[in-house]
Undergrad: 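Input: one structure, supplied below.
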2 protein chains.
Amino acid sequence: MADIAQQLGISRQLVSIVMRDAPGASAETRRRVRETADELGFAPHTGARTLRRTRSWTFGVVFVPSHPAEHEIVQSLYPLAAAHGYDVVLSAVTGTRGVQPAVDELLGHRCAAVLLIGSALDPAELEDLSGRVQIPLVAVGTAAGGTGHDVVRSDGRAGVAAGVEHLVSLGHREIAFVDLATMPAAALRRAGYEQTMQRHELGTDVVLASGHYTDDAYFEESGSEAAHTLLARDEPPTAVMVPNDGSAVTLLLTLARHGLQVPRDISLVGYDDIPAARLSAVELTTVRQDPELMARAAVDAAVRRIDHPESDPLESIVDTSLVLRGSCAALRTDG
Amino acid sequence: MADIAQQLGISRQLVSIVMRDAPGASAETRRRVRETADELGFAPHTGARTLRRTRSWTFGVVFVPSHPAEHEIVQSLYPLAAAHGYDVVLSAVTGTRGVQPAVDELLGHRCAAVLLIGSALDPAELEDLSGRVQIPLVAVGTAAGGTGHDVVRSDGRAGVAAGVEHLVSLGHREIAFVDLATMPAAALRRAGYEQTMQRHELGTDVVLASGHYTDDAYFEESGSEAAHTLLARDEPPTAVMVPNDGSAVTLLLTLARHGLQVPRDISLVGYDDIPAARLSAVELTTVRQDPELMARAAVDAAVRRIDHPESDPLESIVDTSLVLRGSCAALRTDG
DNA sequence: TTGTAAGCGTTATCAT
DNA sequence: ATGATAACGCTTACAA
C-alpha cells in the first residue's frame with residue numbers, strides 16, 4: 001500500500017480508504033489508486049486488515065468436500081456473505097481432519113461466526129462446541145435441537161411426508177422407506193414417513209441401511225444395500241422413499257442393473273435434490289432442500305447473532321418442495 | 001496470548017515459543033501454557049502471525065467443489081503440507097466466482113504458493129496468470145505445457161493406452177472412445193486411444209460429447225449423451241473407453257436403463273478412479289490417477305519453487321495404474 | 001530458560 | 001479531501 005502511495009505521491013491512508021471503499025476520496029483518486037494497484041499486482045494484506053479492524057468481517061465455513069449437497073450451499077454462501085460485507089473462509093473436514101481442527105483453523109482467522117455445513121456432529125457435540133467457541137455458531141442441515149447455537153434445517157418430517165403423499169396419490173400402497181440411521185436428520189424423516197403411512201392406514205416397511213456420514217460415499221453404498229434387500233424379496237414394494245439423493249441414485253442404478261425399471265417397476269422419491277438427481281440419466285423425483293434458501297438463512301442467522309449477541313439462538317426451518325421428475329409412476333393395476 | 005502470560009506470570013514471548021513449538025521452553029512451561037490456552041479457548045491469531053513472520057507458511061489451494069476427483073487431492077494436501085510446515089487455505093471456484101477472485105483471495109492471505117487443482121484454465125490463461133501472480137503457481141491435473149508455472153498431471157496418453165490395451169487383450173476390436181473435447185486433458189487422452197488402436201491396426205471410433213468443465217455436472221451429462229449416440233446405432237461397439245469417470249458412470253447408468261448390461265453387452269473403462277467408481281453398484285475398471293501422488297507432487301513442486309525461486313518450473317508426470325473391477329469382460333464369440 | 005524491544009501492513013482517530 | 005499517528009497481536013533478534 002505504501003508503494004502505491006509513494007508512486008502516486010499521496011498518503012497510505014488515502015490508498016487504504018480507496019481499497020476498502022470507504023468515503024473520503026475523490027473519484028479521480030480512486031481511479032488512479034485502483035489502476036496502480038492492478039499494475040503492481042497489489043492485494044490488501046488480509047491478515048494485517050483483520051488484525052487492525054475493530055471487528056471481524058469474515059465467516060468461517062466448515063464443510064465436507066465429498067458431500068454433494070453441501071457444495072451448492074457453499075457456492076451460495078459467497079455472494080450472500082458479500083452482500084452483508086463479509087468474506088468467506090473455507091475449512092474442510094476430511095477423513096484425516098475432524099471438525100475440531102477445522103474449527104480451530106477458523107478461530108485462528110478470527111471469524112465473526114462459524115457456519116457448520118451438514119455437520120456430522122450430533123446435537124450434544126454441537127452444544128459442547130458452541131460452549132467452547134466464543135463466537136456465534138450456525139449449524140446447517142443438522143438435526144434439530146441445540147440451545148447454544150443457531151440451527152438451519154429443512155423440515156424433514158414435512159418433506160418426507162410430501163414425498164410419501166405423492167406416492168400414495170399415485171395409487172401406491174406398498175411404500176418402503178430406507179432408514180439411514182447414522183444420518184443426523186434420519187429420525188425426523190422417518191417420522192414423516194411413519195405418520196403419513198399411518199394416516200392412510202398403510203403398513204410401514206422400513207429397510208435399514210448402514211453407512212456413515214463422514215465417509216466419502218455419502219450414503220451411496222447404502223443405496224445398493226437397500227436395493228439388494230428389496231431385490232431379495234419375493235414381492236418388492238411398488239415404491240420407495242429414500243431420504244437421501246445419494247442413496248436414491250445408487251438404489252436406482254442397482255435396480256436398473258438387475259433389470260428393474262424405474263419408474264415402471266418401482267417408483268422412487270429422494271431427498272435433497274443434489275445435482276446428480278437432475279441428470280437426464282436419473283431424473284429423480286425428490287424433496288428439494290433449496291441450497292440458496294439454506295445459505296440465506298444461515299447468513300441471516302450469523303448476521304443476527306453478530307449484531308445482537310444477546311439475542312437467543314434460533315432454529316430456522318426452510319421450506320422444502322417436491323420436484324417432480326421421472327422416477328414416479330402411477331401404480332399399475334394388474335391386467 | 002498476553003492473557004495466558006499474565007495468568008501464568010510469564011512473558012508473552014514465552015507463550016509464543018510454546019504456541020509455535022519453538023525451542024526455548026521447559027516441558028513444564030509448555031504443559032501449563034497449553035493447558036491455560038485450552039481453558040481460555042485461545043487460538044493464535046493467524047493474521048498477526050503471517051504479518052510478523054519473515055516468510056509465509058501457507059499454501060493457497062484453488063478448487064472446484066463440484067468436481068469429485070479434486071476432493072481426494074484436497075484431502076491429501078492437508079497432511080502433506082503440514083509435513084513441510086505449511087498450512088492450507090482453500091478458495092473455491094463456483095458458477096459465480098471465477099479463478100481470478102479465488103486467486104486474489106489467496107494473494108490477500110500472502111500464501112507462499114498457489115495450487116490450482118484441476119484448473120479449468122487452458123495453458124494460455126495459466127501462463128498469463130503465472131505472469132501476474134508473483135508467487136509460485138502449481139497447476140494440478142491440467143493440460144501439459146506452461147513455462148511460468150509448475151504442472152502436475154498424469155500421463156493421459158499412457159493411461160488411456162493401458163486401458164485400451166486391456167480391452168484389446170480381452171478380445172475387443174470395436175472399441176469406441178468418448179471425446180470430451182472441452183476437458184483440459186482431452187487431447188492427450190484421445191491421442192493415447194488413437195495410437196493404441198493404430199498399433200493394433202484397429203479402426204478408431206470417436207464419439208464426440210459436449211459438456212463444460214466448470215459446470216456442476218463434471219461431464220456426467222456427457223456420459224448420457226454418448227450413451228444415446230451408441231444406443232442409436234445398429235451395431236454398437238463391444239467396448240468403450242471413457243476418459244472420465246463421471247461420464248463413465250452416467251454412461252453405465254444410461255445403458256443399464258436401456259437394458260444393456262455392463263460388462264455382458266459392453267465393456268467399459270474409465271479414467272480417474274473417483275469414489276463413485278468404487279461403489280459396488282458401479283465397479284468400474286478405470287485408469288487410476290492416484291490423488292495422494294498428485295498431491296505429493298504438487299506439494300513437492302511448491303516447496304521446491306519456494307525454496308529455490310530461481311529454479312525452472314517443472315512438469316511432474318504421475319504414474320497411472322489400471323484398476324481392474326467388474327466393468328470389463330472378454331469379448332463373447334458368437335455362438 | 002526467560003525477558004526486552006522493534007516492527008510487520010493495515011485501519012481508526014484525530015487533525016488539517 | 002487528505003495526512004499524521006497510534007495501535008492491533010504476534011514473531012524475531014538479542015540481551016540477561
Side-chain angles (χ1 to χ4, degrees), chain A residues 1-34 36-37 40-58 85-87 89 104-112 134-135, chain B residues 1-34 36-37 40-58 85-87 89 104-112 134-135:
Chain A
M1 230 159 82
D3 291 349
I4 299 176
Q6 191 173 12
Q7 181 154 338
L8 292 176
I10 60 178
S11 70
R12 299 193 326 258
Q13 300 71 356
L14 194 46
V15 178
S16 167
I17 284 171
V18 175
M19 294 311 290
R20 63 193 141 98
D21 285 317
S26 66
E28 173 61 11
T29 307
R30 287 183 198 280
R31 199 192 54 73
R32 290 174 59 207
V33 168
R34 294 253 171 241
T36 41
L40 269 50
F42 168 83
H45 192 307
T46 314
R49 178 172 279 190
T50 61
L51 182 58
R52 191 58 185 89
R53 274 209 226 270
T54 30
R55 57 174 285 198
S56 166
W57 290 97
T58 307
Y86 286 88
D87 283 333
V89 51
D104 284 344
E105 181 199 339
L106 297 176
L107 259 29
H109 286 294
R110 293 296 182 272
C111 298
Q134 289 155 24
I135 54 176
Chain B
M1 228 158 84
D3 291 350
I4 298 176
Q6 192 173 10
Q7 181 155 336
L8 292 175
I10 60 177
S11 69
R12 299 192 328 256
Q13 298 70 2
L14 191 47
V15 179
S16 166
I17 283 172
V18 175
M19 294 311 290
R20 64 194 141 97
D21 285 316
S26 66
E28 172 61 10
T29 308
R30 285 182 199 281
R31 198 192 56 71
R32 290 174 58 207
V33 168
R34 294 251 172 242
T36 40
L40 269 49
F42 169 83
H45 192 307
T46 314
R49 178 172 276 189
T50 61
L51 184 58
R52 190 56 183 84
R53 273 212 228 270
T54 314
R55 53 173 287 199
S56 165
W57 291 98
T58 307
Y86 286 89
D87 283 332
V89 50
D104 284 344
E105 181 199 340
L106 297 176
L107 259 30
H109 287 293
R110 293 297 183 269
C111 297
Q134 289 155 24
I135 55 177

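Side chains included, hydrogens not; waters and symmetry mates left out as well; all remaining heavy atoms used. Letters go in sequence order (proteins before strands), and every chain restarts at 1.
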Undergrad: Does a side chain donor of either B:Arg12 or B:Ser16 reach within less than 3.5 Å of an acceptor in the other side chain?
TA: no
Undergrad: Are OP1 or OP2 of C:dT10 and a side-chain N or O of A:Ser16 less than 4.0 angstrom apart?
TA: no
Undergrad: If you round to the nearest 0.5 Å, how far is CE of B:Met19 from CZ of B:Arg30?
TA: 11.5 Å
Undergrad: Can you spot which of B:Thr36, B:Asp3, B:Val33, B:Ile4 makes a side-chain contact (heavy atoms from CB on, under 4.5 Å) with B:Phe42?
TA: B:Ile4
Undergrad: For A:His109 and A:Cys111, indicate whether the former's side chain and the latter's backbone hold a donor-acceptor pair under 3.5 Å.
TA: no
Undergrad: Enumerate the residues from residues 18-34 of chain A whose closest heavy atom to DNA chain C is under 4.0 Å, giving them by residue number; use none for an empty result.
TA: A:Arg20
Undergrad: Can you measure B:Leu8 atom CG to C:dT2 atom C1' for me and round it to whole angstrom units?
TA: 14 Å
Undergrad: Are any of the side-chain nitrogens in B:Arg34 or B:Asp21 under 4.0 Å away from the carboxylate oxygens of its partner?
TA: yes
Undergrad: Under a plain distance cut-off of 3.5 Å, with no hydrogens placed, do A:Gln13 and A:Ser11 share a side-chain donor-acceptor pair?
TA: yes
Undergrad: Can a donor-acceptor pair be found, under 3.5 Å and without considering hydrogens, that links the side chain of A:Gln134 to the backbone of B:Leu40?
TA: yes
Undergrad: Determine, for nucleotides 3-9 of chain C in 5'-to-3' order, which nucleotides have protein heavy atoms under 4.0 Å from the base (write B), from only the sugar-phosphate (write S), or from neither (write -).
TA: SBBBBBB
Undergrad: Going by heavy atoms in the side chains, are B:Thr50 and A:His45 under 4.5 Å from each other?
TA: yes
